[in-house]
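Below: the structure, in structure tokens.
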Amino acid sequence: DDFAPDTHRKIEQRNVWLFRDALGFFAVSAVCSHLGCIVKEDAKSRGFVCPCHGSKFDATGRVQGGPAPRGLDWLEISLAADGSLMVDTGKTVDRETRFNV
């Protein structure tokens with residue numbers, strides 16, 4: 001309930017963007033697939049941009065412009081014993097995978 005639908009926020013210490021939409025939660029890595037720089041939110045395009053080499057990504061991490069060879073990784077989400085969400089930055093999931101509470 002603390003995370004309203006159609007919102008997102010960056011988890012700075014994990015370099016992850018956490019989203020909630022009508023279908024559930026999803027987590028997108030903030031690590032650029034080109035050389036590992038940390039992408040920044042781009043309010044103009046409503047997506048992300050890499051400040052190092054200019055790769056552009058849409059709001060769900062799909063690559064829109066190079067030099068990134070692929071989109072941003074989607075990461076596995078699970079529920080901790082205390083009811084909080086956990087994002088595993090070491091496990092990728094298929095794009096469009098949502099976690100529902």
Rounded distance (nearest 0.5 Å) linking atom CD of Gln64 with atom NZ of Lys56 | 10.0 Å
Are we looking at SG atoms under 2.5 Å apart for Cys32 and Cys52?
-> no
Closest heavy-atom pair, Val87 versus Ala27, reported as atoms and distance to 0.1 Å, is CG1-CB, 3.8 Å
Quick one: are His8 and Glu41 in side-chain contact, heavy atoms under 4.5 Å?
-> yes
Evaluate the side-chain contact (heavy atoms from CB on, under 4.5 Å) criterion for residues Arg9 and Phe19: first the C-alpha distance (whole Å), next the side-chain angles of each, then the deciding distance (0.1 Å), finally the verdict.
-> CA-CA 7 Å; Arg9 67 178 71 140; Phe19 294 81; over 6 Å; no
Output the distance between atom CZ (Arg70) and atom CZ (Arg95), rounded to the nearest 0.5 Å.
-> 9.5 Å
Value rounded to 0.5 Å, distance of CZ in Arg20 from CG in Asn100 | 9.0 Å
Which of these passes side-chain contact (heavy atoms from CB on, under 4.5 Å) with Ile77: Val16, Asp88, Leu18?
-> Leu18
For Lys10 and Ala30, the nearest pair of non-hydrogen atoms, with its separation, is CE-CB, 4.2 Å
Between Ala80 and Met86, what is the shortest heavy-atom contact and its length?
-> CB-SD, 3.5 Å
Determine whether Phe57 and Val39 make a side-chain contact, defined as any pair of heavy atoms from C-beta on separated by less than 4.5 Å.
-> yes
Provide the closest heavy-atom pair for Ala68 versus Ser33 in the form atom of the first, atom of the second, distance.
-> CB-OG, 3.5 Å
Does a side-chain heavy-atom distance below 4.5 Å link Leu75 with Thr92?
-> yes
Considering all heavy atoms, the nearest Leu72-Phe48 contact | CD1-CD1, 4.2 Å
Any donor-acceptor N or O pair under 3.5 Å, side chains Ser45, Asp42 = yes
Is any side-chain N of the basic residue among Glu12 and Arg14 closer than 4.0 Å to the acidic one's carboxylate O?
-> no
Minimum side-chain heavy-atom gap Leu35-His53 below 4.5 Å = yes
Under the side-chain contact (heavy atoms from CB on, under 4.5 Å) criterion, do Arg98 and Asp21 qualify, and how do the steps go?
-> CA-CA 9 Å; Arg98 302 294 197 281; Asp21 63 15; 2.7 Å; yes
Mind checking the CH2-OG1 spacing from Trp74 to Thr60? Nearest 0.5 Å is all I need.
-> 6.0 Å
Side chain to side chain, Leu85 and Phe99, heavy atoms closer than 4.5 Å | yes
Determine, stepwise, if the pair Val28 / Asp73 fulfils side-chain contact (heavy atoms from CB on, under 4.5 Å).
-> CA-CA 6 Å; Val28 177; Asp73 288 334; over 6 Å; no
